[in-house]
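In what follows, a single structure is set out as structure tokens and then discussed.
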Amino acid sequence: MSSATTLRFPKDFFWGAATAAHQIEGNNVSSDWWRREQSSNSGLKERSADACDSYNRYEQDIRLLAESGLQYYRFSIEWARIEPEPEHFSTAQILHYRDMIETCRHYGVEPMVTLNHMTLPYWFAEQGGWKSADAVSLFNRYVRQIAPILYDVTYVCTINEPNMVAMTRGGKEGTNMTAGALPVPDLEIGQTLVEAHKGVCRILHEIYPSMLIGWTVATQAFHAMPGCEQETEEYAWPRENFYLDAAKGDDWIGVQGYLRTFIGKDGPQPIPDGAERTLCGWEYFPPAIGIGVRNAWDRAGHIPVIVTENGLATSDDSRRIDYTFGALQGLKAAMDDGIDVRGYIHWSLLDNYEWGSYTPTFGLVSINPDTFERHAKPSLHWLGEIAKSGIVEEPVR
Ligand code: IFM
């Protein structure tokens with residue numbers, strides 16, 4: 001009879017959950033995604049609409065997270081709200097995000113702030129977005145405006161999943177955020193994103209030398225089919241490794257892993273027949289995060305690693321717990337091999353707008369779409385207890 005596994009994480013290892021503004025706030029009307037959602041040929045199943053109404057209910061979200069035992073809340077500031085028209089910076093919106101930081105502090109939660117999570121102000125997207133000649137200076141200008149409210153924030157993420165941004169070309173292409181489903185990445189955008197990221201690191205470090213700044217990369221555990229190692233290396237570089245290499249010298253690297261992708265002679269291969277699939281249609285593959293962490297550690301020059309996203313789109317919450325346990329096993333094994341991983345942030349705190357649809361539910365908390373009432377799922381309690389003790393017991397049923 002095999003005995004159940006127990007994982008013990010270090011005392012100072014931190015635990016949290018993540019969201020992103022457009023996916024939870026609702027009515028992000030000055031953004032490129034909002035405009036896209038309104039178009040009759042958007043190709044999207046649903047509009048974001050009110051989302052989780054977290055723009056108004058963030059206090060409840062943060063309280064739920066804190067009460068569970070989780071210690072970190074990763075959320076994003078919405079550039080489209082801060083600068084809805086070029087050079088019109090909204091003090092009220094800047095103060096709104098300051099309130100979020102203070103609400104975290106009130107509940108004893110450490111805020112991890114993302115400065116850009118996928119969406120762009122519509123006016124910026126219209127002038128070419130990350131392809132426009134002054135993209136770097138416009139992004140840096142936005143960050144200078146919000147810098148004053150970040151004075152007590154330790155962890156800042158500049159740009160979320162720059163590799164996905166280069167593949168989705170700023171949100172104009174598909175909604176299935178996997179390398180295999182998206183066009184060849186635009187490395188001109190990739191290079192601009194690196195410059196924007198490094199510019200923000202310089203700006204914020206000048207003001208706050210001890211702030212810890214990084215960016216968060218989607219890792220897709222590329223697996224070579226037999227004899228396809230070279231093809232896999234070539235496939236992975238513009239889609240993942242370019243962005244991990246660019247993180248060298250940063251304070252930390254964020255790893256976001258959910259799935260794996262097999263690469264053959266002619267590129268990504270279909271998910272194996274009979275494999276369990278998530279509500280996103282992805283393969284259920286818990287080891288993804290451990291693989292992503294190992295690759296990030298090697299490529300980014302052994303800077304500290306944080307898991308900034310990992311989770312499962314499922315309607316069966318017990319499967320979410322199973323998946324997360326499997327993911328934590330892979331993560332702990334990587335740490336036991338000497339990789340410096342500082343924390344684990346689950347995606348997502350809330351069931352939210354998964355870029356075109358509300359069907360793939362990633363949340364530790366569900367939302368009643370008619371009343372916006374929040375209901376903690378057992379997985380929130382499960383992860384919160386882990387956060388308190390650092391001990392992860394294998395789920396037994
Ligand atoms: O919902 C997304 C998030 O915005 C970025 N990382 C992947 C998540 C799940 O697809």
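Sequential numbering from 1 along the given sequence is applied to the chain's residues. All ligand and atom numbering here is 1-based and tracks the order in the structure. Just so we're clear, the structure is a prediction, and the values are computed from it rather than from any experiment.
Polar contact with ligand 1: present for H117 (N/O pair, distance under 3.5 Å). Among the atoms of N160, none of the N or O lies under 3.5 angstrom from an N or O of ligand 1.
A cation-pi arrangement is absent between R294 and W297, since the terminal nitrogen or guanidinium carbon is not both under 6.0 Å from the aromatic centre and inside a 45° cone about the axis. Geometrically, R239 engages Y235 in a cation-pi contact, judged by NZ or CZ lying under 6.0 Å from the ring centre and within 45° of the ring axis.
Using a 4.0 Å heavy-atom cutoff, Y353 is absent from the residues neighbouring ligand 1.
Heavy-atom contacts of E161 reach the following atoms of ligand 1: 5 (C), 6 (N), 7 (C) (cutoff under 4.0 Å). In the vicinity of F362, heavy-atom distances shorter than 4.0 Å reach the ligand 1 atoms 9 (C). Numbered from 1 in the order shown, with element, the atoms of ligand 1 that lie under 4.0 Å from a heavy atom of E354 read 1 (O), 2 (C), 9 (C), 10 (O).
For the residue pair E59/Y107, the side-chain donor-acceptor check at 3.5 Å is satisfied. A donor and an acceptor atom, one from each side chain of D351 and Y358, are nowhere located under 3.5 Å apart.
Here the shortest heavy-atom distance to atom 5 (C) of ligand 1, taken over H22, Q23, E309, belongs to E309.
Under the side-chain hydrogen bond (donor to acceptor under 3.5 Å, both in side chains) criterion, E85 pairs with no residue, sequence neighbours left out. For the side-chain hydrogen bond (donor to acceptor under 3.5 Å, both in side chains) test, no residue two or more places apart in sequence or in another chain qualifies with D12.
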